[in-house]
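In what follows, a structure is listed as structure tokens, so that the remarks can point back to it.
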Amino acid sequence: MNLKHNMERWTIEDSADLYQIREWGAGYFGISEKGDVVVTPLRDKSVSVSLPEIISGIVARGYDMPMLLRFEDILDSQITQLHESFRSAIARFDYKGQYKGVYPIKVNQQKQVIETITRIGKFYHHGLEAGSKAELIAALTFLEDKEACLVCNGYKDREFIDLGLFACKMGFKCFFVLEMPGELDLILERSKALGIKPLLGVRFKLSTQAGGHWTESGGDRSIFGLTISQVIETIEKLKEAGMLDCLQLLHYHLGSQIPNIRDIRASIQEACRVYAGLVLEGAAMGYFDLGGGLAVDYDGSHTNYMNSRNYTLDEYCADMIEAIMEILSEYNIAHPTIITESGRATVAYYSVLLFNIFDTSSIDTDSVPEELPENTPEIILNMLEVLKSLNVRNLQECYNDALYYRDEIRQMFKIGDLTMRQRALGDKIFWKIIQALIEGVKDLKFVPKDLMDIETALCDTYYANFSVFQSLPDSWAIGHLFPVMPVHRLAEKPERNAILADITCDCDGKIDRFIDKQGMRRALKLHTIREDEEYYLGVFLVGAYQETLGDLHNLLGDTNVVSIRVHEDGNYSFVREIEGDSVADVLSYVEYDPKDMTKQFRATAEQAVRENLITPRERREIMNMYEEGLRGYPYFEPYRS
Ligand SMILES: *Cc1c(COP(=O)(O)O)cnc(C)c1O
């Protein structure tokens, strides 16, 4: 192959196209002249920082891969964009109400996220949404802005309600959203007992259903929210108690990651009718909370595929404002304050997972011997004949024959008619045929359907130093696609087709589906690993839902985390470093006591000394290793001699 020629032709533009970084990068991620992934989180797009440079800085400080990088400036930027988009739609349509966002804490509960959002959000009165007592307590601590909304969803017990009522008394705009019919009684009882009037909302169960992964959160089958008759019962109860003035908010939530704008519009229409109905019933109202659902374009396709969205943020805001105005104008009702609960879109871009590749394996296609042994069985000679006869005109036929002989060979091995070496020889010839087919289809104008994906049959496995279960739970659990790509060497042509195996050794611990303009790819183009150099990949847009949903499968714990703030002059500082779990940490999560363990193992080693299996000096060495192992990082650590 003319490698040099290929290298000259390949440019960073080709890499940008291949990995579609411009399509999903949302202006935050790009490729430098040198071929490095760069991050441009500030409004000034001439300021960028290089991921490989950040990595080498962090590694030099003694942190190992995998690692989560967080860019605080991206959070700032996302919050700002959300509000600016709503502001401009409000101005354009002359909407008379305001927009106030809230951030649903469950999407990423890290203290840093809450701190940053409340700090940046102050300017826009961006509030928080809490779905549990713990989240409410966190929200009350960080939300200083009394004009921002604090929306309480989720099941509320007495403690939750009392805390929320006192928050109201302290001046917080703390709404209890009724999720179930029974909740109201307890709220009314506690309100009376404490002498504090609540701010109330109802969550309405829409009949409109949207497409996407999480659609069961909306629609008739959704477990949350009140049906239309339960809404009416609530009104009756409030009337009876003389507290209809407390009912000020209508909420619905369609589900997360709604890829199609038509579903979003359809749901607003239905909800607007309910809003108008509540006003006509005499409820105070004034707040219209449209929930989450604003999607992230993970695959960059700008379509209504599950991992994408067919609208821009500006279109989303404009459609909402327009739809609300249109319907409410029929009733001549005052324009409400609009609340949205965007979580995913707010935080997804802010985290990048980085890891190195510590090994690769590929299928051997080079070592079919020139001369076959004399007693080579007929079936293997037949396979070899397929290879010899292969040409542009008979590719499909050769493919069929190769599959046939391969299956026969496997069968014969099973019943003992072929030896291990004979089967290995058959395998080698088979893969040689596949390789020839891959070369062959390149010259075809019309590729037969069976051979369309043939290239990915001969895929390498790249062993990646991270755990899917810990760091990308949605990839494993629901087949969610995140953009994955190398963070350097992008001026070089990636020659290998690969899938990624993680470090858990679980057969589900892999990534073998990748984003593509046309839906999905079964392999990722990667570079050949160099002996003397680490190869780093990044998984992008992982800031939403991944961090705390992750688990301890195979006892691989939290990764190292470094947060970065970029300065106007292009320098950056590490604003926060969080060391990942040690082996001792993860063991203690599952109730081992590292101290006891050490004691126990010391005794085992002493016994080995008594039995003359090891020397006392060796015992010392083994104990050192053991204790160092406990202190170490559970992931694949580089060998430092
Ligand atoms: C999870 C959740 C959200 C967040 O939705 P996104 O699609 O991530 O923006 C908002 N509201 C409620 C009630 C939720 O449960």
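Excluded from the calculations below are hydrogen atoms, water molecules and symmetry mates; all remaining heavy atoms, backbone and side chain alike, are included. Order of appearance sets the numbers: ligands from 1, and atoms from 1 within every ligand.
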Would you say the side-chain atoms of Glu115 pair up with the backbone N or O of Lys111, donor to acceptor, closer than 3.5 Å?
no
Is a side-chain donor or acceptor of Thr346 paired with a backbone partner of Ser342 at a separation under 3.5 angstrom?
yes
Got an N/O contact under 3.5 Å between Lys106 and ligand 1?
yes
Which residue is it: Thr303, Asn304, Asn260, Asp297? I am looking for the one with a side chain to side chain donor-acceptor pair (under 3.5 Å) to Asn310.
Asn260
Can a donor-acceptor pair be found, under 3.5 Å and without considering hydrogens, that links the side chain of Asn153 to the backbone of Val177?
no
Taking only non-hydrogen atoms of Ser342 and a 4.0 Å limit, the atoms of ligand 1 in range are 9 (O)
Looking only at distance, does Leu294 have an N or O less than 3.5 Å from an N or O of ligand 1?
no
For Glu341, the ligand 1 atoms whose distance to one of its heavy atoms is below 4.0 Å
3 (C), 4 (C), 5 (O), 9 (O), 10 (C), 11 (N), 12 (C), 13 (C)
Is the closest N or O pair between Ser256 and ligand 1 shorter than 3.5 Å?
yes
Cation-pi check, Lys146 to Phe172: give yes when NZ or CZ is under 6.0 Å from the six-membered ring centre and within 45° of the ring axis, no otherwise.
yes
Hey, is ligand 1 close enough to Asn153 that some N/O pair sits below 3.5 Å?
no
Of all the atoms in ligand 1, which lie at a distance below 4.0 Å from a heavy atom belonging to Arg344?
6 (P), 8 (O), 9 (O)
Is the backbone N or O of Gln470 less than 3.5 Å from a side-chain atom of Ser467, with the two atoms forming a donor-acceptor pair by type?
yes
Contact between ligand 1 and Tyr545 is defined here as a heavy atom of the residue under 4.0 Å from a ligand atom; is it met?
yes
Do any nitrogen or oxygen atoms of Gly255 come within less than 3.5 Å of a nitrogen or oxygen of ligand 1?
no
Carboxylate-amine/guanidinium contact Arg521 Asp299, below 4.0 Å
no
Checking a contact table here: which protein heavy atom is nearest atom 9 (O) of ligand 1, and how many Å away?
Gly343 N, 2.6 Å
Please could you name the atoms of ligand 1 that Gly293 approaches to less than 4.0 Å, counting only its heavy atoms?
5 (O), 6 (P), 7 (O), 9 (O)
Salt bridge or not for Arg203 and Glu183, using N-O below 4.0 Å?
no
